[in-house]
Amino acid sequence: MIKKLLNRGIETWLNQSRSDEEFRENSFVFVSLTILMLILSFLFYYNTFITSYPVLATIQGVGIISCLAGYYFLKNRRSPRTAGIITVTIMTTISLLFIIGTQNREFALAFCFLTPVIAVFVLGYNLGSFFSLINFAVVAYFCLTEMQNWHSVPFDTISFIHLTIIYFFLFSIAYFYDSGRRRTMHLLKESNLQLKELSTTDVLTRLPNRLKMEELLLNSDEVKWIAMLDVDDFKSVNDNYGHDIGDHVLKIIAKQLAKTIGDDGIVARWGGEEFLIAFYLSDIDAIENKLMELQSKIAAKEFNFERNVTVSCGATPHQRHMHRTAFRRADEALYRAKASGKNCYKLDITTIGMEA
């Protein structure tokens with residue numbers, strides 16, 4: 001619930017939907033800026049009203065103002081890269097100044113571990129690596145030149161506060177980064193499923209297309225018969241009434257085919273005005289009854305123009321290891337149906353494999 005409310009709030013502030021391809025980067029920079037600003041606000045309050053450390057308070061105040069600039073670039077300029085650079089620059093600069101200024105008192109050196117993680121997450125590995133190397137070079141130089149001047153300092157309350165800030169800062173960034181990554185993977189999975197459906201679905205009729213049907217016929221032993229079906233004189237429908245009417249006819253026929261076949265098989269648009277039916281039925285009488293039912297129902301359909309629409313069919317037994325032979329025989333049976341006056345069906349009941 002909290003995560004949903006947070007995402008909704010970020011969507012509203014950014015004026016972006018979670019489905020937007022830039023939302024993940026923008027939201028992650030927003031979260032990083034927000035966490036950094038909250039930490040700086042706490043430290044500003046602590047160093048102003050509790051310990052009275054004006055130098056650190058001033059540095060943190062400048063950091064808060066810089067965070068506001070980051071928000072501006074993120075929201076108004078739509079520039080997450082600039083906002084990200086501001087975020088990492090603030091964090092790196094303040095942590096280095098804190099380490100140098102306190103000479104590792106109050107467990108200050110631990111803040112140097114923030115930059116590599118945040119920089120890479122927010123800016124990517126190229127620019128993030130640059131910031132990380134600069135940060136390491138400054139810290140290493142400071143340690144090597146000033147270490148002899150450091151004094152032993154007990155691990156006290158403020159040291160624990162600093163450790164807690166660092167721990168939860170890193171935890172929060174890692175959590176939101178992984179949450180965004182998982183969201184992206186989920187959207188990618190949905191997108192891949194949609195693409196797969198689009199690649200195997202006929203756009204006009206919403207039936208499986210030829211690719212999907214061939215995949216089924218090659219990999220399934222459930223299909224016992226196939227039937228090629230062709231709309232009679234379909235060219236004259238397009239020529240006399242227009243392609244919109246032709247498309248309308250194909251959609252109505254496709255719907256009727258799917259409804260009539262039901263669970264007894266699968267219907268696909270084979271191409272143009274041709275359809276292919278893969279029957280799970282093996283009984284020849286059941287096949288003939290289905291074909292006759294299809295033809296009678298389609299012939300009785302009202303298509304809102306002067307003539308009836310009929311279909312011709314050719315059917316034959318199918319075996320997946322010789323599906324090309326079955327296609328050819330079904331097509332030849334369809335040709336015989338056309339030559340016999342159309343609006344009829346022909347069967348080729350030759351057993352697959354008997355042909356020389």
Side-chain angles (χ1 to χ4, degrees), residues 28-74 79-124 127-147 149-150 153 155-177:
F28 185 69
V29 173
F30 172 82
V31 168
S32 301
L33 266 172
T34 302
I35 295 173
L36 180 59
M37 189 166 180
L38 290 173
I39 291 174
L40 290 175
S41 298
F42 168 76
L43 294 175
F44 176 80
Y45 172 82
Y46 184 86
N47 289 309
T48 301
F49 299 104
I50 297 179
T51 62
S52 187
Y53 201 150
V55 175
L56 281 180
T58 301
I59 293 172
Q60 288 148 5
V62 172
I64 292 171
I65 294 172
S66 300
C67 285
L68 294 176
Y71 282 127
Y72 169 78
F73 280 101
L74 182 62
S79 180
R81 174 52 63 94
T82 303
I85 291 174
I86 290 173
T87 303
V88 175
T89 301
I90 295 168
M91 182 187 62
T92 303
T93 303
I94 291 178
S95 63
L96 288 175
L97 289 174
F98 183 56
I99 292 168
I100 294 171
T102 62
Q103 294 186 321
N104 197 37
R105 291 191 301 273
E106 303 173 356
F107 206 59
L109 195 61
F111 281 89
C112 73
F113 294 108
L114 290 175
T115 294
V117 178
I118 309 306
V120 172
F121 277 179
V122 173
L123 301 178
L127 192 54
S129 298
F130 172 77
F131 270 90
S132 299
L133 289 173
I134 295 297
N135 178 72
F136 177 78
V138 174
V139 171
Y141 174 80
F142 177 71
C143 289
L144 293 174
T145 57
E146 298 294 331
M147 192 181 302
N149 299 321
W150 290 358
V153 177
F155 189 84
D156 53 11
T157 302
I158 188 61
S159 299
F160 175 74
I161 292 174
H162 290 161
L163 181 63
T164 302
I165 289 173
I166 294 167
Y167 184 90
F168 281 101
F169 192 7
L170 293 176
F171 168 78
S172 300
I173 294 299
Y175 173 83
F176 282 104
Y177 183 85

Minimum heavy-atom separation for [X] to [Y], with atom names?
X	Y	answer
Phe131	Thr115	O-CG2, 4.0 Å
Leu74	Ala83	CB-CB, 3.9 Å
Leu40	Cys67	CD1-SG, 4.1 Å
Gly84	Leu123	C-CD2, 3.5 Å

The side chain to side chain donor-acceptor pair (under 3.5 Å) partners of Tyr46 (sequence neighbours excluded) come to none
From [X] atom [atom1] to [Y] atom [atom2], the distance as rounded to the nearest 0.5 Å:
X	Y	atom1	atom2	result
Leu38	Ser172	CG	OG	9.5 Å
Leu43	Thr48	CG	OG1	10.0 Å
Phe113	Ile166	CZ	CD1	8.5 Å
Ser79	Ile85	OG	CD1	7.5 Å
Ile118	Ile173	CD1	CD1	4.5 Å
Leu109	His162	CG	NE2	13.0 Å

Please set out all donor-acceptor pairs under 3.5 angstrom arising from side-chain atoms of residues 94-101, sequence neighbours excluded.
| from | atom 1 | to | atom 2 | distance (Å) |
| --- | --- | --- | --- | --- |
| Ser95 | OG | Met91 | O | 2.9 |
| Ser95 | OG | Thr92 | O | 2.9 |

Sequence neighbours left out, what passes ring pair (Phe, Tyr, Trp, His ring centres under 6.0 Å) with Phe49? Give chain and number order. Tyr45
Checking ring pair (Phe, Tyr, Trp, His ring centres under 6.0 Å) for the pair Phe176/Phe28: CA distance, chi angles, key distance, verdict? CA-CA 7 Å; Phe176 282 104; Phe28 185 69; 8.1 Å; no
Mind listing the side-chain donor-acceptor pairs of residues 54-63 below 3.5 Å, one per line with the distance, residues two or more places apart or on another chain?
| from | atom 1 | to | atom 2 | distance (Å) |
| --- | --- | --- | --- | --- |
| Thr58 | OG1 | Pro54 | O | 2.7 |
| Gln60 | OE1 | Phe44 | N | 3.3 |
| Gln60 | OE1 | Asn47 | ND2 | 2.9 |

Could you list all the side chain to side chain donor-acceptor pair (under 3.5 Å) pairs where at least one residue sits in residues 63-74, not counting sequence neighbours? Thr34-Tyr71, Tyr72-Arg77
Let me check something: any side-chain donor-acceptor pairs from residues 132-144 under 3.5 Å, sequence neighbours excluded? List them with distances.
| from | atom 1 | to | atom 2 | distance (Å) |
| --- | --- | --- | --- | --- |
| Ser132 | OG | Gly128 | O | 2.8 |
| Asn135 | ND2 | Cys112 | O | 3.2 |

So, applying side-chain contact (heavy atoms from CB on, under 4.5 Å) with Val122, which one of Val29, Leu127, Val31, Val117 is it? Val29
